[in-house]
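Here is the naming used below: chain letters follow the sequence lines, and residue numbers restart at 1 for every chain.
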2 protein chains.
Amino acid sequence: MRNDSRLSRMLHVLIHMDKHQHSATSDMIAKMLNTNPVVVRRTMAGLREQGYVRSEKGHGGGWTLVRPLSDITLLDVYRAIGEPHLFAIGPADDQPQCLVEQAVNIALGDAMKEAQALLLRRLDSVTLDKIAADFEAKLTAHPATSYSCAS
Amino acid sequence: MRNDSRLSRMLHVLIHMDKHQHSATSDMIAKMLNTNPVVVRRTMAGLREQGYVRSEKGHGGGWTLVRPLSDITLLDVYRAIGEPHLFAIGPADDQPQCLVEQAVNIALGDAMKEAQALLLRRLDSVTLDKIAADFEAKLTAHPATSYSCAS
DNA sequence: CAAATCGTAACAAGACAAGTAACATGATAC
DNA sequence: GTATCATGTTACTTGTCTTGTTACGATTTG
Ligand code: FES
Ligand code: FES
C-alpha cells in the first residue's frame, strides 16, 4: 500500500465503464480492482458528486457513466477524488521563526510548486478517451492478449 | 508528521553549520530541529557517507561541514539522504495484465516522470549558498528579527 | 416480503517517517 | 586509567494516512 492509487484506480474504472454499456455494481468493480465494494463506494463517491457517474440502489442498480470520456480530463478525476496530496516530501516546521528554515522552505516550496503546476497541467491536457485510444491501439497490436480479469 | 521533512531539515542544518565555525553536536542540532539526537545521526549518516560532513566521536567531537555551501546542491542533499519517494500518488497494481490499467499507468507515469524530472532539475540548479544568501537578505531587511532558537 | 444494491460509520491492517530508549564504541580531559 | 563526552546502531513505539473489513441501515426491484 505504498502509494495512493485512487487516481489510477478511478481512471481504470471509468474507462472500463465506458466499454460496457450496462451498469456495473460495486461488487463487480471491486473484483476488477482486486479490493472490496466499500472501498469502491468510498472512492467513487466524489465522482458521483461531481456528476461524472451516477449510482442507483436496489435490484438492478449499480454505477453508470454519465458523461463521455472525451469530456473528462485526468485533472477532473483528481479533483473529484478530493485532490489528495501529490508529494511525499514537504517542508519542516521545527523552528518557524528561524529565517534559515524559512529560506529553505521557500526554495524547496518554489521547486515543488513548479513541479506540481507542471503535473496538474499535464493531467489537465489529457482526456480519458485519449487513454482509451491508447488501450485500443495496444489491443489491435496484440490481438491475442487476454486483457481481462473476470469482468 | 504528514510529510517527509528530511530534505528540508538537512538543508537547514547544513546552512547553520556553515554560519557557526565550530563543530555542532547531535544534541545541539536536535534542539535546532526540535527532535532528538538519534534522528539527527540517522539522517546525517548519508551526508557523512557522501563526504559533505564529517563526524567525530569523543569529547569535543560533533559534526563539521567539509565542503563549501557553493559546492553542494539541493539535489546532492536529496541523493545523500537516500532519494526518498517524492510522490504520494502512484500507479495501481491490481490487474497487471489488464491493458486498460497499463494504459492508465503509462499516461500517469509519463506525467509524473516529467514532473519529477523538472523537480530534480530545479534541485540541481540551486546551491546551498544561494539559500544562505536569501537568508542574509532577509536578515538585513529585518535586522530586528530574532532569528534564532537556542543555538 | 425477500433479495439486491448503495450509503455510511466504525474499526483493523500495513507502510513508513519520526520519536525514544538502551547499549556499545571511541576520544578527550583530568 | 578512569570518568566523561559524543557518535553508531539496534530495537521498539508513535503518529498519520490509505486500504481493507465488518456491520447495519436505507432504497429499489421482483
Ligand atoms: S480489470 Fe481491466 S480487464 Fe478486468
Ligand atoms: S534553528 Fe535556525 S536559528 Fe536556531
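Under the 30°/60° scheme for interplanar angles, the aromatic rings of B:Phe87 and A:Phe87 are found to lie parallel. Taking the six-membered ring where the residue is Trp, B:His16 and B:His20 present tilted rings, their angle falling between 30° and 60°.
Contacts of B:Arg9 with the nucleic acid, taken as non-hydrogen atoms under 4.0 Å apart, involve only primed sugar atoms and P, OP1 or OP2. If you check every strand for non-hydrogen atoms under 4.0 Å, A:Asn36 touches a base.
B:Val104 is connected to A:Leu120 through a chain of hydrophobic side-chain contacts under 4.5 Å among Ile, Leu, Val, Met, Phe, Trp and Tyr, so both are in one cluster.
Rounded to whole angstrom, the span from the CZ atom of A:Phe87 across to the P atom of C:dA17 amounts to 17 Å. Protein atom NZ of B:Lys31 is 15 Å distant from nucleotide atom P of C:dG19, rounded to whole Å. For the pair B:Leu33 CG and C:dG19 C1', the interatomic distance rounds to 13 Å; values are reported in whole Å. In this structure, the CG atom of B:Leu7 is 11 Å from the P atom of C:dA18, given to the nearest Å. Put simply, CD1 on B:Ile29 is 8 Å from P on D:dT7, counting in whole angstrom units. Between the C1' atom of D:dC17 and the CD1 atom of A:Ile81 lies a distance of 14 Å, rounded to the nearest Å. At whole-Å resolution of the value, CD1 in A:Ile89 and P in C:dA18 are 11 Å apart. The CE atom of A:Met28 sits 9 Å away from the P atom of C:dT5 (whole-angstrom rounding).
Side-chain atoms of B:Glu101 come within 3.5 Å of backbone N or O of B:Asp94 as a donor-acceptor pair.
Here the OG1 atom belonging to A:Thr43 is positioned 8.5 Å from the CG atom belonging to A:Leu33, to the nearest 0.5 angstrom.
When distances are taken from the side chain of A:Arg2 to each of C:dC16, C:dA17, D:dC5, the shortest belongs to C:dC16.
With salt bridges taken as basic N to acidic carboxylate O contacts below 4.0 Å, none links A:Lys138 and A:Asp134.
Taking only side-chain nitrogens and oxygens, B:Arg6 comes nearer than 4.0 Å to OP1 or OP2 of C:dA17.
When each of B:Gly60 and A:Asn3 is assigned the nucleotide of DNA chain D bearing its nearest heavy atom, the one mapping closer to the 5' terminus is B:Gly60.
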- [ ] Classify every nucleotide of nucleotides 6-12 of chain C by which part a protein heavy atom approaches to under 4.0 Å, writing B for the base, S for the sugar-phosphate alone and - for neither, in 5'-to-3' order.
- [x] BBBBB--

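Applying the side-chain contact (heavy atoms from CB on, under 4.5 Å) criterion to B:Ser26, with sequence neighbours excluded, gives B:Pro37, B:Val40, B:Arg41, B:Trp63.
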